[in-house]
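Every heavy atom of this structure was used, including side-chain atoms; hydrogens, water molecules and symmetry mates were not. Because the structure is predicted, anything quoted here is derived from the model rather than measured. Each ligand, and each atom within it, is numbered from 1 in the order the structure gives.
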Amino acid sequence: MPPFVKQDSATGRAAGPDDTPVTLPEALAEVLNTHCGLPSLPSVVMQIVTLADSPDTNLQEFTAVIERDPALTLRMLGLANSVFHAYDTPVETCHEAITRLGVDATLSVALGFGLAQQQSTRVPGLDLNRFWQRALISALTSHMLAKHLAHPSPGRAFTLGLLQDIGMLALDACLPRGYAALLSSTEHHEALSAAELKAWGCDHALVGAWLAQHWGLPKRLVRGIADSHLPLAQTTTEQRCVNASGPLAEAWLDGLAESVSADDTLMIRILQRLSSTLEIDQDALIERLCGLQDTLPTTAELMHITCPVGFDAIGTLLRAKQQLHAHHLKLSQQLLDQHLELERLHQRQADLTQRVRHDTLTGLYNRAHLEALLEQHFREALDQRLALSLVFIDLDFFKQLNDRYGHRLGDEVLKGFAGLLRELMSPTVLGGRYGGEEFLLFLPGGGREAATRLAETLQQRMATHALARSVDHSEIRVSASMGVVSLADGDFVDADDLIQAADQAMYVAKRAGRGRIVHYGDGAVFRDQSHSA
Ligand SMILES: Nc1nc2c(ncn2[C@@H]2O[C@H](COP(=O)(O)OP(=O)(O)OP(=O)(O)O)[C@@H](O)[C@H]2O)c(=O)[nH]1
């Protein structure tokens with residue numbers, strides 16, 4: 001191969017247009033070219049191959065060649081009647097059989113029949129029984145997938161499925177000792193390809209393409225064999241069916257020997273990968289594979305291939321199906337657990353936010369959150385020239401109340417007062433506990449008049465509502481001193497400045513005798529409606 005020709009790193013195949021002749025690494029080409037034991041095709045098959053490659057061939061010519069071999073004719077009739085067309089009217093002549101099967105399937109029967117008959121008994125080396133069983137299952141699954149995906153040439157998918165690994169036959173025949181060592185040192189097909197690539201500079205997909213070219217098979221078949229190890233995502237629909245069929249066949253045969261209890265069999269992994277890459281529902285894929293169970297023994301017999309002993313495709317696949325469902329169930333459970341955990345974390349986050357922002361005794365916003373919220377509204381009001389006002393509330397004689405009735409009842413009074421405040425709150429009236437027996441209400445968008453009305457309403461309610469009851473059931477009422485300030489009352493630099501102003505006004509109210517509302521800036525008592533505990 002010229003040094004400038006790019007090679008696919010997985011197969012060693014030279015990348016190039018469809019009709020680029022397949023070339024092998026020099027040393028390997030020499031061995032294969034000079035070896036007389038290279039797999040060959042019977043002359044009748046060679047004639048069929050030549051006819052299949054010619055665009056002018058008509059069915060009469062095919063029929064004439066096939067009818068010269070009675071065994072092959074019988075097999076064509078058997079295949080046409082049983083495998084792909086079990087429900088049609090039976091065909092009786094070779095011509096009808098070829099018409100029904102089409103050129104591709106006719107070619108594959110001839111090839112499969114011709115090649116599978118050459119089984120040698122050499123040990124150790126390639127296990128030819130298993131090789132042909134794998135090839136046959138590959139051919140059937142490749143055909144099934146192509147039909148399921150509505151590909152126009154399922155017959156060619158069958159042929160490629162059958163022939164994709166013929167390079168192994170050539171390597172086994174021409175390098176018997178080396179290949180036997182390679183086969184025994186690798187556990188699966190992918191590892192075998194990698195070992196071949198390392199040993200000879202290309203894998204059996206390229207050798208198979210070279211052999212197909214050597215036999216004169218149609219170029220599309222040569223290309224399909226060369227591409228049979230490409231990843232599914234990098235190929236055409238037809239090639240995907242072929243490339244998916246090999247691993248599936250391998251998993252199928254291995255599944256017969258795999259432990260029933262294993263919950264992660266090769267088959268499950270392959271089915272999961274295939275159903276997502278080929279976009280086929282897993283259950284539909286399994287149903288279709290089960291359908292091949294009936295076809296397999298007949299096809300195996302027609303093509304002179306031994307059907308796997310004690311073969312139980314349905315059992316194997318149903319087991320895989322059960323395990324897939326168990327796998328899904330496990331995943332769903334994990335998903336549910338994660339969902340619950342996420343919900344728990346969200347709840348925890350909400351609880352923490354609640355705790356960080358709220359006062360534990362009254363449930364109102366706490367000082368830190370009130371200050372942050374007020375600062376935000378303060379900035380907005382300045383930026384957008386909106387009104388903003390604040391009421392600072394301090395309950396009167398609270399120490400006396402605690403001393404007389406006890407701290408616990410003091411707590412009840414604070415909770416009762418919080419209830420009164422809550423009734424006054426709305427999206428335009430915010431508030432909370434500033435500390436001890438001090439509370440704030442503020443009105444975004446509301447000016448002095450609105451704040452004063454709010455303070456008056458609160459004062460009236462405090463006068464008429466008991467905040468708690470003592471042990472002797474007497475009603476506890478409390479008055480409050482309030483300072484009112486609005487943004488328009490001064491040049492306030494921040495929310496804290498505004499709070500200080502309201503606090504000052506509240507102290508004026510305290511000094512003036514409590515139970516009053518004083519407006520910042522008035523310098524005088526604004527209202528005088530005193531109530532005492
Ligand atoms: N029960 C109870 N009392 C509290 C709480 N927080 C603060 N206090 C009490 O509130 C009282 C406030 O006392 P002062 O600052 O002297 O105010 P006051 O007695 O209301 O007097 P004036 O404000 O001048 O009318 C103190 O005795 C605090 O212990 C609380 O969460 N629960």
Visitor: Work out whether the distance between some heavy atom of Arg433 and some atom of ligand 1 is less than 4.0 Å.
Guide: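 Contact check Arg433 vs ligand 1: positive.
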
Visitor: Indicate whether any N or O donor in one side chain lies under 3.5 Å from an N or O acceptor in the other, for Gln164 and Ser142.
Guide: no

Visitor: Does the pair Phe392 and Gln504 meet the rule for a side-chain contact (heavy atoms from CB on, under 4.5 Å), with working shown?
Guide: CA-CA 9 Å; Phe392 196 109; Gln504 280 175 29; over 6 Å; no

Visitor: Checking a contact table here: which protein heavy atom is nearest atom 19 (O) of ligand 1, and how many Å away?
Guide: Lys399 N, 2.7 Å

Visitor: Can you name the atoms of ligand 1, numbered from 1 with element, that are less than 4.0 Å from a heavy atom of Asp396?
Guide: 20 (O), 25 (O)

Visitor: Around atom 24 (O) of ligand 1, find the nearest protein heavy atom and jot down its residue, atom name and distance.
Guide: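 The protein heavy atom lying closest is Arg514 NH2, 2.9 Å.
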
Visitor: Quick check on contacts: which atoms of ligand 1 are under 4.0 angstrom from a heavy atom of Asp394?
Guide: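 What qualifies from ligand 1 is 23 (O).
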
Visitor: Where is the nearest protein heavy atom to atom 18 (P) of ligand 1: which residue, which atom, and how far?
Guide: Phe398 N, 3.4 Å

Visitor: When you measure from atom 4 (C) of ligand 1 to every protein heavy atom, which one gives the shortest distance, and what is it?
Guide: Asn402 ND2, 3.7 Å

Visitor: When you measure from atom 6 (N) of ligand 1 to every protein heavy atom, which one gives the shortest distance, and what is it?
Guide: Gly436 CA, 3.4 Å

Visitor: Charged N to carboxylate O under 4.0 angstrom, Asp383 versus Arg379?
Guide: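 No, this pair does not count.
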
Visitor: Would you call Glu475-Arg469 a salt bridge at under 4.0 Å N-O?
Guide: yes

Visitor: List the steps, then state whether salt bridge (Lys or Arg N to Asp or Glu O under 4.0 Å) holds for Arg453 with Glu456.
Guide: CA-CA 5 Å; Arg453 271 198 307 278; Glu456 284 171 352; over 6 Å; no

Visitor: Suppose we measure from atom 30 (C) of ligand 1 to each protein heavy atom; which comes out shortest, and what is that distance?
Guide: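 Result: Leu414 CD1, 3.4 Å.
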
Visitor: Do ligand 1 and Phe397 have nitrogen or oxygen atoms that lie under 3.5 Å from each other?
Guide: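 Yes: some nitrogen or oxygen of Phe397 is under 3.5 Å from one in ligand 1.
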
Visitor: Any idea which protein heavy atom is nearest atom 14 (P) of ligand 1, and the distance to it?
Guide: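 Nearest neighbour among protein heavy atoms for atom 14 (P) of ligand 1, to 0.1 Å: Glu437 OE2, 4.1 Å.
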
Visitor: If you count the atoms of ligand 1 from 1 in the order shown, which ones are under 4.0 Å from a heavy atom of Gly410?
Guide: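 The atoms of ligand 1 under 4.0 Å from a heavy atom of Gly410 are 1 (N).
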
Visitor: Between Val413 and ligand 1, find which residue part has any heavy-atom pair under 4.0 Å and reply side chain, backbone, both or neither.
Guide: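 For Val413, no heavy atom sits under 4.0 Å from ligand 1.
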
Visitor: Using a 4.5 Å cut-off on heavy atoms from C-beta on, say whether the side chain of Gln349 contacts that of Thr353.
Guide: yes

Visitor: Would you sort out whether Ile476 and Glu412 count as a side-chain contact (heavy atoms from CB on, under 4.5 Å), showing the intermediate values?
Guide: CA-CA 10 Å; Ile476 311 282; Glu412 290 308 309; over 6 Å; no

Visitor: Find the distance between CD1 (Ile225) and NE2 (His204) and round it off to the nearest 0.5 Å.
Guide: 10.5 Å

Visitor: Using a strict 4.0 Å threshold on nitrogen-to-oxygen distance, state whether Arg344 and Glu341 make a salt bridge.
Guide: yes

Visitor: One residue to check: Asp411. Relative to ligand 1, which of side chain, backbone, both or neither has a non-hydrogen atom less than 4.0 Å away?
Guide: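 Both backbone and side chain.
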
Visitor: Run the numbers for me: atoms of ligand 1, each under 4.0 Å from some heavy atom of Leu395, listed by number.
Guide: 20 (O), 23 (O)

Visitor: Would you call Asp403 and Lys399 a salt bridge, using N to O less than 4.0 angstrom?
Guide: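 Looking at Asp403 and Lys399, the cut-off is met.
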
Visitor: Return the residue, atom name and 0.1 Å-rounded distance of the protein heavy atom closest to atom 23 (O) of ligand 1.
Guide: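 I find the closest protein heavy atom is Lys510 NZ, 2.9 Å.
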
